[in-house]
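See below for the structure under consideration.
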Amino acid sequence: MSRQYPVLIVEHDIDRVLGFSQTVTVMNQGEVLMSDTPEAVRADRGVQEIYTGKGIPDVMHRRREETSQALAAAAL
C-alpha cells in the first residue's frame with residue numbers, strides 16, 4: 001500500500017524513521033531542511049548538527065540577523 005500512497009509520519013525517533021522510509025523530509029523550526037533518501041539524510045552534516053545539538057542551526061542565525069536588521073531599520 002505504501003508504494004501506491006504517500007504516507008506522512010511525524011516521528012522524532014530518527015533511527016526508526018530512517019529504517020523504513022524511502023524518502024525523508026527533515027524539518028527544523030517549521031522549515032524544510034532537506035528531503036532525500038534515508039542514507040543522504042543520515043550523512044548530512046546540517047541534520048547531524050541540528051539533531052545532536054551541536055551549535056545553533058543556520059535557520060536560527062538567519063532569523064536573528066533578520067530581526068537585528070529589522071530593529072536597526074526601525075530605529076532610523
Side-chain angles (χ1 to χ4, degrees):
M1 183 169 158
S2 66
R3 292 177 191 256
Q4 297 173 1
Y5 301 101
V7 177
L8 171 66
I9 299 172
V10 178
E11 177 61 68
H12 294 93
D13 183 338
I14 296 171
D15 288 329
R16 179 178 295 173
V17 171
L18 296 177
F20 65 79
S21 300
Q22 295 173 351
T23 302
V24 177
T25 300
V26 180
M27 296 187 71
N28 182 52
Q29 302 290 324
E31 297 181 17
V32 174
L33 180 64
M34 73 177 298
S35 186
D36 210 326
T37 64
E39 295 79 16
V41 168
R42 187 181 301 275
D44 187 81
R45 183 79 173 162
V47 172
Q48 292 171 7
E49 288 180 3
I50 288 169
Y51 282 93
T52 60
K54 296 178 183 175
I56 299 173
D58 288 339
V59 172
M60 294 300 294
H61 286 295
R62 280 198 310 260
R63 287 189 178 155
R64 287 183 184 159
E65 289 170 6
E66 290 168 1
T67 301
S68 296
Q69 290 171 354
L71 289 173
L76 298 175

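All residue numbers in this chain count up from 1 along the given sequence.
- Among residues two or more places apart in sequence or in another chain, the side chain to side chain donor-acceptor pair (under 3.5 Å) test is passed with S21 by none.
- To the nearest 0.5 Å, atom CG of residue L33 and atom CG of residue D44 are 6.0 Å apart.
- With sequence neighbours excluded, no residue satisfies side chain to side chain donor-acceptor pair (under 3.5 Å) with T23.
- Here the straight-line distance linking atom CG of N28 with atom CD of E49 works out to 11.5 Å at 0.5 Å rounding.
- In the hydrophobic clustering of this structure, V24 does not group with M27; members are Ile, Leu, Val, Met, Phe, Trp, Tyr whose side-chain heavy atoms approach within less than 4.5 Å, directly or through other members.
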Distance-only donor-acceptor hits, side chain of residues 6-18, under 3.5 Å, sequence neighbours excluded:
unit_1: E11; atom_1: OE2; unit_2: D13; atom_2: N; d: 3.0
unit_1: D13; atom_1: OD1; unit_2: D15; atom_2: N; d: 3.4
unit_1: D13; atom_1: OD1; unit_2: R16; atom_2: N; d: 3.2
unit_1: D15; atom_1: OD1; unit_2: R42; atom_2: NH1; d: 3.3

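- P38 and Q22 get closest at one heavy-atom pair: CD-O, 3.4 Å.
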